[in-house]
Q: 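Have a look at this one.
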Amino acid sequence: MTGEENTPRRARHGDRTLALSIAAVVACLLASALLDGTSFDDLWTLYLADAGKPIETLAHLRWSLDIRPPVFDAWASLLSRLGLDLVAVARLVSHVPALLFLLLAGRSFMHRLPEERQFHAIFLLLMLSAPATIHAIGLYRGDFWQLSAFAIQIMLARHILYVQEDYRSRKDGRIALFGLLATIAAITLDYGGALFGSVLAMATILAAMARGLRRWARSLILTLAVSVAAVVAAISWQAPSWGRHFDLYQNWIDLEATSAFAVMTGLLIGTMAHNPIAIAGAYLGRQKWTRHDSGFAALLGISLVAALVAILQIDAQRRLVTTSNSADLAVLAAALMATAGMKLLDSRLWTNTLCAVAVVSALVSMAVGGLGGGWQSGAKKIARMVEQCPQSQVYAASGWRIDDGSTSRAARREEPVFALGYQRLAKLHGFPVTLLREGKPVKAHLSQCPVLLWIEQVPPFVRPKPDKIIRMSGLQGLEASRVSLIRTHSGLILRAER
């Protein structure tokens, strides 16, 4: 059989392998949405979307407190009014439309330029299997929506660099709908995403103008203007509330343990390390590299560097960078990796290896990320202790209470979210809990059963001493007790016994 006859067969095999791998990764994503433990981000969304309060009250008193535009808050509020208040189910129902939108957009771009179908397929595979994406779909926030929209925005940028003619409604109407709506979503769902989406949109506009694609350029300019106007309007509306409820005090509950540079470096390295086979394509397939590939890589590289510089400048004024609001870096990295990785798809061995690594990476990220973790880890441990000794007294306090910022406005702003989380999880796992409030000491009574103090949002690098925890929590009556600390997935439990 000749090499020419083998080529279509290899192409069909590669397409089938990529499709099956994407399906396997999608299954991992859906499992992560359903099985990840309850996190503080999940609880924030439940608080912002309380079905027991009118929408106008939520918007005025709660959505305005959010550190993101209120778009996802409005969506979550709609879901809560439909009875979706279980975190796992709400996450799944919320994120499936974004996932379907992404997959349908990818399919449309593949059909519009069939010669680029391999890039879009491998980009979807690498983006969906990236640790940042697996983490995002396990949160009941707008993170996964924003990452999906930004991925479609990258597909549109590639189309504009590779297409040989300007916008035609008959040919391009569907991808324009996907691409322009995604650009608006990428910019308006998150303030960090607004920076990445705006930079990429501007770079794409310049590329369209340079290639003489005036209709595409005009459409993108109008889309960018509408999106930026919406972001400015949201900031103007939320700014007075931020001024009343935020202050300069920050700690581990608000921010990462590391610097902004370390957060962004970790995102980039983590994404590249999850599938180094794709990166190898830059060398192994170097003879297949084209001028368009170089232009696309340059566009992404310039957008990445420009966004990094802007973020570091903003963060230098006030620390704001987190893994959540910088996760678009992972999508940019995945697109660069896909540009290199598609050069390997002529080889059945390399195709199978790349796809296998992607699926294994998704499984590992799902397993080590949040399965059975979050606040449920502490709730389950307490439930077992209460079951062993039913007279155990359970108290709970905000993670802010063991830090010097316990009286800050940030602590007061998040106190109701902690209370919501403790009450929901205690009810779910069948034990009563007493909340400790700032400035209101409570006296515990030691008996044959232990006194348990449950504190969430205390990461492993924070190691408070038991006497400090007792003193700052406001829990009295434990001076003569024997105390031990039990670490949970996202906090700790103080156990006091006679």
Side-chain angles (χ1 to χ4, degrees), residues 39-85 87 90-91 93-98 101 136-137 139-150 153 180-198 201 223-247 253-254 314 318 320-322 324-328 409-410 412-418 420-421:
S39 69
F40 196 48
D41 282 312
D42 298 329
L43 296 169
W44 252 113
T45 299
L46 293 178
Y47 176 71
L48 294 168
D50 186 354
K53 296 188 179 299
I55 289 292
E56 57 271 20
T57 302
L58 287 177
H60 179 65
L61 297 179
R62 296 193 180 180
W63 296 358
S64 59
L65 292 176
D66 201 0
I67 56 175
R68 310 172 193 217
V71 179
F72 190 80
D73 299 338
W75 168 246
S77 297
L78 171 63
L79 294 182
S80 70
R81 277 154 177 73
L82 296 176
L84 296 174
D85 61 348
V87 170
R91 272 196 304 241
V93 173
S94 170
H95 295 335
V96 162
F101 192 78
I137 204 168
L139 299 176
Y140 190 28
R141 293 289 262 170
D143 297 34
F144 183 75
W145 278 36
Q146 201 279 328
L147 291 182
S148 299
F150 190 63
Q153 193 182 353
L180 299 180
L181 284 177
T183 299
I184 294 173
I187 295 173
T188 58
L189 279 167
D190 185 274
Y191 290 122
L195 179 58
F196 286 97
S198 297
T223 301
L224 179 61
V226 170
S227 303
V228 171
V231 169
V232 171
I235 292 174
S236 300
W237 175 64
Q238 290 176 296
S241 180
W242 291 344
R244 292 191 302 270
H245 295 95
F246 286 81
D247 49 26
I253 295 177
D254 285 332
I314 294 170
R318 174 179 168 84
L320 296 170
V321 173
T322 64
S324 176
N325 61 29
S326 304
D328 284 342
R409 279 183 281 175
R412 291 197 297 271
R413 180 178 68 98
E414 295 190 330
E415 193 78 26
V417 185
F418 276 96
L420 172 66

Q: Using the ring pair (Phe, Tyr, Trp, His ring centres under 6.0 Å) criterion, which residues pair with Phe144? Sequence neighbours excluded.
A: His95
Q: Can you name the closest pair of heavy atoms from Leu189 and Trp145 and give their distance?
A: CD1-CB, 3.6 Å
Q: To the nearest 0.5 Å, what is the distance between CG (Leu48) and CG (Asp66)?
A: 5.0 Å
Q: Quick one: CD1 on Ile137 to CG on Leu147, what's the gap to the nearest 0.5 Å?
A: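 That separation rounds to 10.0 Å.
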Q: Just to verify, what does Asp42 make a side chain to side chain donor-acceptor pair (under 3.5 Å) with, not counting sequence neighbours?
A: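 For Asp42, the residues satisfying side chain to side chain donor-acceptor pair (under 3.5 Å) (neighbours in sequence not counted) are Ser39, Arg91.
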Q: Who passes side-chain contact (heavy atoms from CB on, under 4.5 Å) against Pro54, sequence neighbours left out?
A: Glu56, Thr57
Q: Once side chain to side chain donor-acceptor pair (under 3.5 Å) is applied, do any residues pair with Glu415, and if so which ones, sequence neighbours excluded?
A: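 Applying side chain to side chain donor-acceptor pair (under 3.5 Å) to Glu415 gives none.
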Q: Between atom OG of Ser326 and atom CZ of Phe196, what is the distance when rounded to the nearest 0.5 Å?
A: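 Ser326 atom OG to Phe196 atom CZ measures 5.0 Å (nearest 0.5 Å).
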Q: Verify, without hydrogens or angle tests, whether Gln238 (side chain) and Ile67 (backbone) share a donor-acceptor contact under 3.5 angstrom.
A: no
Q: Which residues pass the ring pair (Phe, Tyr, Trp, His ring centres under 6.0 Å) test with Tyr140, not counting sequence neighbours?
A: Phe72
Q: Under the side-chain contact (heavy atoms from CB on, under 4.5 Å) rule, collect the residues that match up with Thr223, sequence neighbours excluded.
A: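 For Thr223 the side-chain contact (heavy atoms from CB on, under 4.5 Å) partners, ignoring immediate neighbours, are Leu180, Thr183, Ile184, Ser227.
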Q: Go through the steps for Leu195 and Asp328 under the test side-chain contact (heavy atoms from CB on, under 4.5 Å), then give the verdict.
A: CA-CA 10 Å; Leu195 179 58; Asp328 284 342; over 6 Å; no
Q: Can you list every salt bridge (charged side-chain N to carboxylate O under 4.0 Å, His left out) pair that touches residues 183-193, not counting sequence neighbours?
A: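 Residue pairs passing salt bridge (charged side-chain N to carboxylate O under 4.0 Å, His left out), neighbours aside: Arg68-Asp190.
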Q: Apply side chain to side chain donor-acceptor pair (under 3.5 Å) to Gln153 and list each qualifying residue two or more places apart in sequence or on a separate chain.
A: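 Expected list: none.
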Q: Would you name the heavy atoms of Ala49 and Ser80 that are closest together and state the gap between them?
A: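 Between these two residues, the closest heavy atoms are O-OG, 2.7 Å.
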Q: Mind checking side-chain contact (heavy atoms from CB on, under 4.5 Å) for Arg81 and listing every partner two or more places apart, or none if nothing turns up?
A: Ala51, Ile55, Leu58, Ser77
Q: With rounding to the nearest 0.5 angstrom, report the CH2 to CZ distance, Trp44 to Arg141.
A: 7.5 Å
Q: Rounded to the nearest 0.5 Å, what's the gap from CG on Leu139 to CG on Asp41? Could you check?
A: 5.0 Å
Q: Do you know which two heavy atoms are closest between Ala194 and Ile187, and how far apart they sit?
A: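 Ala194 and Ile187 have their closest heavy atoms at CB-O, 3.1 Å.
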Q: Let's go through Ser198 and Leu224 carefully: what are the C-alpha distance in whole Å and the side-chain angles of both, what is the deciding distance for side-chain contact (heavy atoms from CB on, under 4.5 Å) to 0.1 Å, and is it a yes or a no?
A: CA-CA 7 Å; Ser198 297; Leu224 179 61; 4.0 Å; yes
Q: Might you point out which heavy atoms bring Ala186 and Ala149 nearest each other, and give the distance in Å?
A: N-CB, 3.6 Å
Q: What residues form a side chain to side chain donor-acceptor pair (under 3.5 Å) with Ser94, not counting sequence neighbours?
A: Trp75
Q: Does Tyr191 reach the side chain of Val231, with side-chain heavy atoms less than 4.5 Å apart?
A: yes
Q: I need the Thr188 OG1 to Gln146 CD distance, nearest 0.5 Å.
A: 9.0 Å
Q: Restricting to side-chain contact (heavy atoms from CB on, under 4.5 Å), what partner residues turn up for Val93, sequence neighbours left out?
A: Leu79, Leu84, Val89
Q: For the pair Arg409 (side chain) and Gly243 (backbone), establish whether a donor and an acceptor sit closer than 3.5 Å, ignoring hydrogens and angles.
A: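 Yes.
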